[in-house]
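Right, one structure below, let's go through it.
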Amino acid sequence: MDTIKITLPDGQVEQVRKRTTPLEVLKKLNTRLAEQAIVARANGELIDLNQPLERDTPLNFLTPDDPEGMFVFRHSSAHLLAAAVLELFPEVKLGVGPPTDQGFFYEFYREQPFTPEDLEKIERKMAELRDRDLPFERRMMPREECLRFYAEQQQDFKCEFIREKGVGNEVSVYVTGKFVDFCRGPHIPSAGRIKAFKLLSVAGAYWKGVEGNPQMQRIYGTSFPSQAELDDFLHRLEEARRRDHRKLGPELDLFSLQPEAGPGLIFWHPKGGLVRTLMEDWLRAEYRRRGYQLVFTPHVMRQELWKTSGHLNWYQENMFPGMEVEKAPYQLKPMNCPGHILIYRDRRRSYRELPLRLAELGTVYRYERSGVVHGLLRVRGFTVDDAHIFCTPDQVEGEIRGCVQFALDALKTFGFERFEVELSVRDPARPEHYAGKVEDWERAEGALLSTLNHMGLLFKRMQGEAVFYGPKIDVKLVDAIGRPWQLSTIQFDFNLPERFDLKYTAADGAFHRPVMVHRALWGSVERFFGVLIEHYAGAFPVWLAPVQVVVLPVSEKAADYGGQVADQLRADGFRVELDARNEKLQAKIRDAQLQKIPYMLICGQKEKEAGTVSVRSRSRGDLGPQPLAEFQRELARRVETRAVET
RNA sequence: GCUGGCGUAGCUCAGCGGUAGAGCAUCUGAUUUGUAAUCAGAGGGUCGGGGGUUCGAAUCCCUUCGCCAGCUCCA
């Protein structure tokens, strides 16, 4: 009888019969893991637990705690969904059904849309199939037979998919009850493992994501190995909704959208405007400190300029339509670069002036298709914290380092700690895609790379993701709902200096082409503000809070004293409100809490006599009475240190 | 832009062919209040806009605008 050698993760070697399955190995070893494991890795490949082992191999087991294990788990959940849908709606045509970061989906083509009631029915059917503990069976099938099988059932999308993905003469399918899916696998042994799942939504999606292809109905869901984990996930969703800046912004009177004015256009209310002013004040001070010069450029400029810059060619679909003024076409600006370039080119530049760092809080307008605008995060008019650095090739590396450091400081100052850094470089196989000389690209990519390495930053290298005009570093930030938002971007530009024929006089007396670096740290003030609202759930740290302190007189008898306290704080530069309404103290506290005001100062008879204030923090509650001067010192300290805690 | 869902008072929502409702908010009055909602009264809506069906439309149909979830795209 043939035997093979299995090497377990702890180094132990087991002799087993050939064609023993990982599940059988597992059962001999450790019963607890036998229940948790959902897939095995043999010879570096993930395989089903009941896939026979043919040769000597290291073997380990994955549970849903491993990201790869969770992916398999969710992938199998998608199959369960499709199996249920096929039972209830045999006429549907199947698309694809992969796992996602948050769960899974499966795509179907069907004339009628799925209703919420349909989803409930599907969920019940899934539970039924799960309770029957349907096995996931892997079968190998000649490719042609598989194609015929699906063709008979008029599963056109599956056929298309097999023709594209099915390599070799044999393909694998997975059978779950009556449901047969062309699929590479691997899968969990049986549906009973999917203890907790929930269908979340149904949405349209183009087949293969290509606009113009038929619209599939995509059913989204999520699943977990236990109900507790599903509940936890649903709570997090709830929490994300609670922090949604689109809800909090208007509630806290920070900003609004006015349908009369048009979608994607932001109205900053006084409180939001104040926060923005504080943010910008910080930024402007940093610009001066770091050798940037602030400029302003016009919002409409001749179309000719946008032809020169190339935007009219490659960016037109994102630009508002042009307008005519005295027979000359004009264009609302979608970017700030050409304006800054005109300032650079206004006169001869010497190498002695470089690096020249021109910064602008530049408001731009971009045409975004109506379905994509989203609160503050995706809008049609926004302000970029933009700057363009013109420098000599030798200065590039230092400039890049300065930009990355500045970007991290700009995000950290506002309380963010989780970033994802991406380095986007060219695809060397497609040189025709990129403007500029190869040696420029090499130098630029080298500068970006060495900067990131120098700073000890973890980053993802994105080959082929560079823009045609230059490589770039992007910093992304993950928001409350786990969506990554691109904020900072630092880009080389080999294109515009060429197009505008930029030059400087070097030490040798000859003209040279400057290098141009384009960078934005927050990306847009609007987007950054939106992310900020969600990050703090509207409870801004005291240095940013539009109202830092509210004074609450206990009754009218203490109103005068409350007024004095408020005046005193206001005179010292704090942002204070006095709540002198004819309301009970409890009601005033409730309202102040809902407005997320960092500090409440309760002023009644006792405080008036003692010359104190009773301090209540929005996060720590009642802190008891203290002299006003003492509170003020503490408040000043927290503003100074930009403390997040109140 | 595409697919689907949703637009009723400032907000949250009920009403779903037969005279537009509730709670909160607002205003007025009473109360003079001690750490998350005091009581009473009043005002407030061309039911997103336009068109149609009907004796009669918030309710049914068409159209348009906006919002939401995705797809695609992006700071």
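Just so you know, these numbers use all the heavy atoms, side chains as well, and skip hydrogens, waters and symmetry mates. Just so we're on the same page: letters track the sequence lines, and every chain starts at 1.
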- Item | Rounded distance (Å) that lies between atom C1' of B/rC67 and atom CZ of A/Arg378 | 17 Å

- For the pair made of CD in A/Glu607 and P in B/rG34, what is the distance, rounded to whole Å? 12 Å

- Item | Separation between the C1' atoms of B/rC55 and B/rG17, rounded to whole Å | 12 Å

- Note on the structure: Rounded to whole Å, CD of A/Gln217 lies from P of B/rG70 at a distance of 16 Å

- Query: Is A/Phe382 stacked on the base of B/rA75 when the test is centres under 5.5 angstrom and planes under 30 degrees?
  - Reply: yes

- Query: What integer number of Å spans the C1' atoms of B/rA37 and B/rC2?
  - Reply: 46 Å

- Searching all strands shown, indicate the nucleotide that pairs with B/rU26 (Watson-Crick or G-U wobble; both distances under 3.5 Å). B/rA42

- Message: Quiz question: going by heavy-atom distance under 3.5 Å, is there a donor-acceptor pair between the base of B/rC74 and the side chain of A/Glu368?
- Response: no

- Item | Inter-nucleotide C1' distance (B/rG23, B/rC61), Å rounded | 34 Å

- Could you check how far NZ of A/Lys606 sits from C1' of B/rU33, rounded to whole Å? 13 Å

- Pick the C1' atom in B/rG21 and in B/rC65, then give their distance to the nearest Å. 27 Å

- Message: Taking the P atom in each of B/rG10 and B/rC6, what is the distance between them to the nearest angstrom?
- Response: 23 Å

- Message: For B/rG66, give the paired nucleotide (Watson-Crick: N1-N3 plus N6-O4 or O6-N4; G-U: N1-O2 and O6-N3; both under 3.5 Å), or none.
- Response: B/rC6

- Message: What's the gap between B/rC16 and B/rA20 when it is taken at their C1' atoms, as a whole Å value?
- Response: 13 Å

- Atom-pair distance (NE2 on A/His245; C1' on B/rC68), nearest Å: 13 Å

- Message: When the C1' atoms of B/rG50 and B/rU12 are compared, how many Å lie between them, rounded to an integer?
- Response: 29 Å

- Item | B/rC11 to B/rU63 separation - P atoms, rounded to the nearest Å | 28 Å

- Is there a Watson-Crick or G-U wobble partner for B/rC16 with both distances under 3.5 Å, and if so, which one is it? none

- Under 4.5 Å between any side-chain heavy atoms of A/Gln331 and A/Met301, yes or no? no

- Okay, side chain of A/Ser617, backbone of A/Tyr599: is any donor-acceptor separation there less than 3.5 Å? no

- Message: Ignoring hydrogens and geometry beyond distance, is the side chain of A/Arg369 in donor-acceptor contact with the base of B/rU72 at under 3.5 Å?
- Response: yes

- Checking only heavy atoms, does the side chain of A/Tyr206 share a donor-acceptor pair with the base of B/rG1 at less than 3.5 Å? yes

- Item | Lys/Arg cation over aromatic A/Tyr287: A/Arg290, 6.0 Å, 45° cone | no

